[in-house]
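Reminder, nothing fancy here: chain letters follow the sequence lines and each chain counts from 1. As the structure is a prediction and not an experimental result, all values here were calculated from the model.
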Amino acid sequence: MTFSISGLSESILSAVREQGYNEPTPIQAQAIPAILAGQDVIAEAQTGSGKTAAFLLPVLEQLSKGETQKAKRIRALVLAPTRELALQVNDACRVYSQNLELTSMAMFGGVDAEEQKQGLIDGVDVLIATPGRLLDMIYQKAIRFDELDVLILDEADRMLDMGFISDIRKILERLPEQCQSLLFSATMSDGVQQLAQTLTSDAVSFSVADDPSARPRIEQWLVTVDKDQKSALLSHLITDLQWQQALIFIRTKHGAAKLADQLAKRGIQAEAIHGDRSQAVRTQLLDDFRSGKLSFLIATGVAARGIDIDLLERVVNYDLPDDSEDYIHRIGRTGRAGASGQAISLLSKDDFKRLCAIESRLGHLLERREVEGFIPRKAVPVSILNYVPKHKREGNEAGTSGDDRNKGKRRSSGGSGAGKSNAGGRRHTGDKHGSGQKRANRRSDQDRSKGTDRKPAVNSGNKTNNSDPWAAWNDKKDRKLDRS
DNA sequence: AAAAAAT
């Protein structure tokens, strides 16, 4: 079968086929005709579902049919949450438009603005931007949108999570009202839905979130280990299992740099990518990792979402993310485009609470393994999915909040158990409470989408149902930055 | 006890 969708011209299709894509993904099959028909689109599409092509292909098709091939005005605007994603969308755009007379440009902070201004003067049909620099350009009157045909919000949920909502609103004020609007988001939170409502009219909605064929095939397991043994275990896994490549996630910038050093000392070439590194270095590292020149990349949240690396074999969670949604995104870096992938998490005691949130979110337990020589001194409990605190034991479903369940009695929750007797070093734990858990998840999903949270929706409704535990800390840090 | 994004 060859890639073919009615309405796309041969010059675009041949560029797509050249990339080795054979069949449109479900989101592409649904969204492309709608976009070609000029409709607004709201799409709930997970990473790896092919959503970039789902909006780029029809948009390029429309633009290529326009009269002014070299318009000095922007005709399509893509807003993306991170610089890396903007770059990547631009790269894809260049590939798909290789047979067309269209120009595209990525625009974001951290690099010289003059070059971007010159690009605008030379003429850009498709602009892919992060909100901050774009707003800057708008204020400098370096950019106009009078001829904008279509606006695309990519990873809308992520943009809200990152606090871009007011920037986005300010940008929207400068756009012509009648332009076609497309919104893509991995999740449909209240905030995203609100945004979608103000943005779109008469929109067609798609969701491929629950389509198993769109779900990447990812083998997930975790290794229990003492915290101070993690880097030793990681280098052991890398050498022992002869890993060729891995994207390693870690929560802190400092931790990323430290781990890169530790691996280097063991003769493993690894680099750290995070927000404190210059944009030039970040771009270079990602390029090297993509091309295979760099085998092991250690990343903070910069690379957690959206970043697309062809045939990435595996993702390692050196520690678990605070937001269980980020776990989904992290592992979504592997197993893309129908390929298989591995997602391995290193679990020490202080990751346990985060694991509970993640397993609740997944609705099932992750497979536990132990590696000889790295068995933790105190085994990690099997899972809190199976653990209900005393005061909630009768007639209570396992809660989904994960907030208050660990206080106090954690140590008594069968900690000695976790499979020390597994000769094979692996064990798939039973899921007695699986169905109840799923029910609980569904309930919380409904709560979220209907806005009937037990708590009043004060947290601008952009994330999961608990408020941001970092708010106070961030306030303090911001004040400190203002003073200096 | 954090990361990301404008300068």
Side-chain angles (χ1 to χ4, degrees), chain A residues 78-89 106-117 127-143 153-171 174 186 227 248-259 272-279 281-283 286 298-307 317-327 329-330 348-354 357 403 406 462-463 466-482 484:
Chain A
V78 182
L79 287 181
T82 67
R83 300 166 181 178
E84 275 75 14
L85 185 59
L87 267 176
Q88 184 180 291
V89 172
M107 174 186 272
F108 45 75
V111 292
D112 184 33
E114 289 310 311
E115 210 174 301
Q116 295 173 354
K117 281 185 191 166
L127 181 69
I128 300 113
T130 51
R133 176 60 66 88
L134 178 64
L135 211 49
D136 193 17
M137 290 292 200
I138 289 174
Y139 289 150
Q140 292 187 39
K141 300 203 193 305
I143 197 167
L153 286 195
D154 199 5
E155 308 240 345
D157 51 346
R158 175 81 164 136
M159 289 206 272
L160 294 189
D161 286 352
M162 287 168 66
F164 279 148
I165 186 62
S166 67
D167 281 357
I168 290 173
R169 290 249 157 78
K170 285 175 200 147
I171 292 167
R174 312 294 177 119
K227 190 183 173 189
I248 299 151
F249 282 109
I250 189 163
R251 281 181 311 132
T252 68
K253 294 187 273 201
H254 174 243
K258 202 171 99 186
L259 178 57
I273 184 170
H274 53 70
D276 278 355
R277 307 210 71 173
S278 75
Q279 190 52 46
V281 170
R282 277 159 61 171
T283 308
L286 222 45
I298 302 158
T300 59
V302 250
R305 297 188 185 212
I307 301 307
N317 291 305
Y318 191 81
D319 50 27
L320 291 176
D322 281 322
D323 185 343
S324 54
E325 217 54 49
D326 278 337
Y327 175 84
H329 288 288
R330 282 182 176 190
S348 69
K349 215 178 109 210
D350 40 333
D351 293 302
F352 190 64
K353 199 168 173 183
R354 294 187 276 266
D403 285 330
N406 302 3
N462 51 9
K463 275 175 81 167
N466 45 14
S467 61
D468 180 8
W470 295 103
W473 193 91
N474 282 334
D475 274 3
K476 207 166 132 195
K477 192 174 97 186
D478 289 348
R479 255 180 276 129
K480 210 156 111 192
L481 281 175
D482 284 347
S484 61

Exercise. Mind checking the OG1-CG spacing from A:Thr252 to A:Asp319? Nearest 0.5 Å is all I need.
Key: 7.0 Å

Exercise. State the CE-CG distance between A:Met107 and A:Leu87, to the nearest 0.5 angstrom.
Key: 13.0 Å

Quiz item: If you check the A:Thr130 side chain, which of B:dA6, B:dT7, B:dA4 turns out closest?
Solution: B:dA6

Quiz prompt | Separation of B:dA2 C1' from A:Asp350 CG (nearest whole Å) | solution = 15 Å

Quiz item: Would you say B:dA6 has OP1 or OP2 under 4.0 Å from some side-chain N or O of A:Arg83?
Solution: yes

Quiz item: Is there a side-chain polar atom (N or O) of A:Arg282 under 4.0 Å from OP1 or OP2 of B:dA5?
Solution: yes

Exercise. Please tell me which of the listed nucleotides, B:dA6, B:dA2, B:dA4, lies nearest to the side chain of A:Thr252?
Key: B:dA2

Exercise. Measure the distance from CG on A:Asp319 to P on B:dA1 and round it to the nearest whole Å.
Key: 15 Å

Self-check item: A:Met162 CE to A:Glu155 CD distance, which is reported to the nearest 0.5 Å
Solution: 10.0 Å

Exercise. Answer yes or no: is there a side-chain heavy-atom contact under 4.5 Å between A:Asp351 and A:Asn317?
Key: no

Quiz item: Where the side chain of A:Thr300 is concerned, which of B:dA3, B:dA5, B:dA6 is the nearest nucleotide?
Solution: B:dA3

Self-check item: Between B:dA1 (P) and A:Ile250 (CD1): distance, integer Å
Solution: 16 Å

Quiz item: A:Glu84 CD to B:dA4 C1': how many Å, rounded?
Solution: 10 Å

Self-check item: Spacing between A:Asp322 atom CG and B:dA3 atom C1', to the nearest angstrom
Solution: 10 Å

Quiz item: In whole Å, what is the span from the CD atom of A:Gln279 to the P atom of B:dA4?
Solution: 11 Å

Quiz item: What is the distance, rounded to the nearest whole Å, between atom CZ of A:Arg330 and atom P of B:dA4?
Solution: 12 Å

Quiz item: What integer distance in Å separates A:Leu160:CG from B:dA4:P?
Solution: 19 Å

